[in-house]
Amino acid sequence: MNLDVYDDDHLLTPESLALVKDLVQFAGHQLKLKDDTEMSITFVSKERIREINNQYRHVDRATDVISFAIEDGDDDSVFGEPIEALADLPRNIGDLFISPEIAKEQAERFGHSFRRELGYTTVHGFLHLNGYDHIKKADEAVMIPLQEKILDAYGLTR
C-alpha cells in the first residue's frame, strides 16, 4: 500500500504517526488490496475539519474523520474511463482528513485510550474509502463488525 501522511501542524507524536501507517498497511492486507493501492491521510485541527465538513458536507460542526473516496458511486468508471481501461494503473482509493483533537475528546468520552480511538477513526475512514458504509442497517451490519475485526486482529481492543 502506498500511503502519504501529512501532519504539517505536528498534531501527532512520531509514535502515533507510526501507528497509523502500520495500521493502514495491516488493514490493507486484511482487505487483500493490491500492493500498489494508494491513499493519503491528512491530520488537521478541530477548526479545519469543521471547515471541511461545512464546505463539502454542509454540516457546520467538527467531526473525527472525513473521507473522500475516488471510486465513490455505483457506476463502472473512474473519471469517465472504464475501470477495465485503468486496470494496469495503481488504484488510488482517496483521501482521509482526521482530527486528532476530536479523537482525543472521543477517547475521553468513551473511556478508552487515544491510541484505540485514533486506530478506530483511521480504520473507519479507511473502510469508507473502500466502499463500506453504515447509513443503512444492512451496510452497518457489515462495516462495523469488519472494523472491529481489523482492530482486534491488530491488537487495538477495547
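Throughout, residue positions are numbered sequentially from 1 according to the sequence presented. In what follows, every heavy atom counts, from backbone to side chain, and hydrogens, waters and symmetry copies are set aside. This is a predicted model, so every value here is computed, not measured.
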Atom CG of Asp4 with >12 non-hydrogen neighbours under 6.0 angstrom: yes

Donor-acceptor contact below 3.5 Å, side chain Asp60 vs main chain Asn54: no

Thr42 side, atom OG1; Asp7 side, atom CG - distance, nearest 0.5 Å: 9.5 Å

Connected via hydrophobic side-chain network under 4.5 Å: Ile41 and Ile52: no

Minimum-distance pair of heavy atoms, taken over all atoms of Ala103 and Thr121: CB-OG1, 4.4 Å

If you look only at distance, which donor and acceptor atoms sit under 3.5 Å apart when one is on a side chain in residues 136-149 and the other is two or more places apart or in another chain?
unit_1 : atom_1 : unit_2 : atom_2 : d
Gln147 : OE1    : His124 : ND1    : 2.7
Gln147 : NE2    : Tyr120 : OH     : 3.0
Glu148 : OE1    : Arg116 : NH2    : 3.0
Glu148 : OE2    : Arg116 : NH2    : 3.3
Glu148 : OE2    : Arg158 : NH2    : 3.3

Heavy-atom pair with the smallest gap, counting every atom of Pro100 and Val44: CD-O, 3.4 Å

Main-chain N/O of Lys34 paired with Thr37 side-chain donor or acceptor, under 3.5 Å: yes

Within-4.5 Å side-chain heavy-atom neighbours: Arg91 and Leu33: yes

Any donor-acceptor N or O pair under 3.5 Å, side chains Asp95, Ser40: yes

Steps toward side-chain contact (heavy atoms from CB on, under 4.5 Å) verdict (Leu31, Leu127): CA-CA 9 Å; Leu31 295 185; Leu127 290 176; 3.9 Å; yes

With Gln25 via side chain to side chain donor-acceptor pair (under 3.5 Å) - residues at least two apart: none

Residue pair Ser113 / Ala107: nearest heavy atoms and the distance that separates them: O-CB, 3.6 Å

Common cluster, Ile66/Val5, ILVMFWY with side-chain heavy-atom separation under 4.5 Å: no

Closest heavy-atom pair and its distance - His128, Ala69: O-CB, 4.2 Å

Nearest-0.5 Å distance that lies between atom CZ in Arg50 and atom OG1 in Thr63: 12.5 Å

Ile98 with Ile150, same ILVMFWY side-chain cluster at under 4.5 Å: yes

Minimum heavy-atom distance Leu96-Ser67, with the two atoms named: CD2-CB, 3.5 Å

Euclidean distance, Thr122 OG1 relative to Lys21 NZ, rounded to 0.5 Å: 12.5 Å

Leu23 CG to Ser16 OG distance, which is reported to the nearest 0.5 Å: 11.5 Å

Candidate list Tyr56, Phe68, Tyr6, Phe43, test ring-ring contact (aromatic ring centres under 6.0 Å, His included), partner Phe97, passing option: Phe68

Straight-line distance of Leu19 CG to Leu156 CG, nearest 0.5 Å: 6.0 Å

Spacing of CD1 belonging to Ile49 relative to CD1 belonging to Ile102, to within rounding of 0.5 Å: 7.5 Å

Greater than 12 external heavy atoms within 6.0 Å of Phe110's CZ: yes

Nearest heavy-atom neighbours spanning Met39 and Asn92: CA-OD1, 4.2 Å

Phe126-Ile70 co-clustered via ILVMFWY side chain contacts under 4.5 Å: no

Pairs meeting criterion ring-ring contact (aromatic ring centres under 6.0 Å, His included) with involvement of residues 12-42, two or more places apart: Phe26-Tyr154

Criterion salt bridge (Lys or Arg N to Asp or Glu O under 4.0 Å) on Arg115 and Glu15, from CA distance to verdict: CA-CA 10 Å; Arg115 181 179 164 85; Glu15 294 80 17; over 6 Å; no

Side-chain (Glu101) to main-chain (Lys46) donor-acceptor, under 3.5 angstrom: yes

